[in-house]
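Quick note: numbers below take in every heavy atom, side chains included, and nothing from hydrogens, waters or symmetry partners.
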Amino acid sequence: QVQLVESGGGLVQAGDSLRLSCAASGRTFSLTAMAWFRQAPGKEREFVSSISWTGARTNYADSVKGRFTISRDNAKDMGYLQMNSLKPEDTAVYYCAADRQLLGVPHSNAYEYDYWGQGTQVTVSS
């Protein structure tokens with residue numbers, strides 16, 4: 001079992017940066033892929049980025065490519081999402097997610113992830 005807690009959200013202006021953190025508890029986090037998803041009001045949850053358990057492989061949604069960077073520190077059981085050049089359309093609740101499968105690949109589909117945090121609100125004003 002893995003428990004995830006996000007932090008770092010807030011209200012910022014367009015062009016600003018934020019760094020989201022995902023604190024994990026559980027023995028297997030360092031051996032599983034993790035991802036970030038987001039959900040804006042009235043919209044479905046969408047993929048943002050994912051990273052393999054080693055950190056060597058990453059994936060990004062086209063809408064955030066070049067602006068967001070996913071990373072992890074397995075020694076601390078932490079995942080991160082550095083968000084630069086934020087836009088109003090990035091406004092959403094951001095969730096981190098972890099896979100149950102050990103040594104798996106980083107997926108972009110939400111159904112591939114078994115553990116979810118409660119989310120952290122990111123609001124970008126224009």
Checklist entry - Can Asp90 and Lys87 be counted as an ion pair, charged N to O under 4.0 angstrom? => result no
Item to check | Nearest atoms (heavy-atom pairs only) where Ala24 meets Val2 | outcome: CB-CG1, 4.3 Å
Item to check | In one Ile/Leu/Val/Met/Phe/Trp/Tyr side-chain cluster, 4.5 Å: Trp53, Leu102 | outcome: yes
Checklist entry - Is atom NZ of Lys65 surrounded by more than 12 heavy atoms (other residues, nucleotides or ligands) closer than 6.0 Å? => result yes
Item to check | Between OG1 on residue Thr120 and CD on residue Glu6, distance to nearest 0.5 Å | outcome: 7.0 Å
Next on the checklist: I'd like to know if the side chain of Ser21 and the backbone of Gly8 have a donor-acceptor N/O pair within less than 3.5 Å.
Outcome noted: no
Checklist entry - Which residue pairs pass the disulfide bond (SG atoms under 2.5 Å apart) test with at least one member in residues 46-77, sequence neighbours excluded? => result none
Checklist entry - Can you tell me how far the CZ atom of Arg19 sits from the OG atom of Ser7, to the nearest 0.5 Å? => result 9.5 Å
Checklist entry - Would you say Met83 and Met78 are hydrophobically clustered, going by side-chain heavy atoms of ILVMFWY under 4.5 Å? => result no
Item to check | Distance under 6.0 Å and angle within 45° of ring axis: Arg38 vs Tyr95 | outcome: no
Checklist entry - When rounded to the nearest 0.5 angstrom, what distance separates OG in Ser49 from CH2 in Trp36? => result 10.0 Å
Next on the checklist: I need the Arg67 CZ to Ser85 OG distance, nearest 0.5 Å.
Outcome noted: 7.0 Å
Checklist entry - Are Tyr94 and Met34 in one and the same hydrophobic cluster, where Ile, Leu, Val, Met, Phe, Trp and Tyr link if side-chain heavy atoms are under 4.5 Å apart? => result yes
Checklist entry - Just wondering, more than 12 heavy atoms not from Gln3 lying within 6.0 Å of its CD? => result no
Listing, residues 103-110 side-chain donor-acceptor contacts under 3.5 Å, not counting sequence neighbours, or none:
from   : atom 1 : to     : atom 2 : distance (Å)
His107 : NE2    : Val105 : O      : 3.4
Asn109 : ND2    : Tyr111 : OH     : 3.4

Checklist entry - Could you walk me through whether Asp99 and Thr32 pass the side chain to side chain donor-acceptor pair (under 3.5 Å) check? => result CA-CA 6 Å; Asp99 194 354; Thr32 66; over 6 Å; no
Item to check | Side chain to side chain, Val124 and Asp16, heavy atoms closer than 4.5 Å | outcome: no
Item to check | Side-chain (Gln13) to main-chain (Ser125) donor-acceptor, under 3.5 angstrom | outcome: no
Checklist entry - Does a sphere of radius 6.0 Å around CD in Glu89 hold more than 12 heavy atoms from other residues, nucleotides or ligands, not counting ones at 6.0 Å or beyond? => result yes
Checklist outcome for this item: Nearest heavy-atom approach of Gly9 to Leu20 is N-CD2, 3.6 Å
Item to check | Close side-chain approach of Tyr60 and Val48, heavy atoms under 4.5 Å | outcome: no
Item to check | Any donor-acceptor pair under 3.5 Å from Gln82 side chain to Phe68 backbone | outcome: no
Checklist entry - Do we see a donor-acceptor contact under 3.5 Å between the side chains of Asn84 and Ser17? => result yes
Item to check | Arg72 and Asn74: CA distance, side-chain angles, deciding distance, side chain to side chain donor-acceptor pair (under 3.5 Å) verdict | outcome: CA-CA 6 Å; Arg72 65 190 299 163; Asn74 286 340; 2.8 Å; yes
Checklist entry - What's the shortest heavy-atom distance between Ala14 and Ser126, and which atoms? => result CB-CA, 4.4 Å
Checklist entry - Are Tyr113 and Leu81 in one and the same hydrophobic cluster, where Ile, Leu, Val, Met, Phe, Trp and Tyr link if side-chain heavy atoms are under 4.5 Å apart? => result no
Item to check | Thr123 versus Gln121, side-chain donor and acceptor atoms under 3.5 Å | outcome: yes
Item to check | Whether Phe47 and Phe37 hold their rings parallel, tilted or perpendicular, with breakpoints at 30° and 60° | outcome: perpendicular
Checklist entry - Does one hydrophobic cluster hold both Trp116 and Val93, with members joined at side-chain heavy-atom distances below 4.5 Å? => result yes
Checklist entry - Any side-chain heavy-atom pair from Tyr80 and Asp73 closer than 4.5 angstrom? => result yes
Checklist entry - Which residue pairs pass the disulfide bond (SG atoms under 2.5 Å apart) test when at least one of the two sits in residues 48-80, sequence neighbours left out? => result none
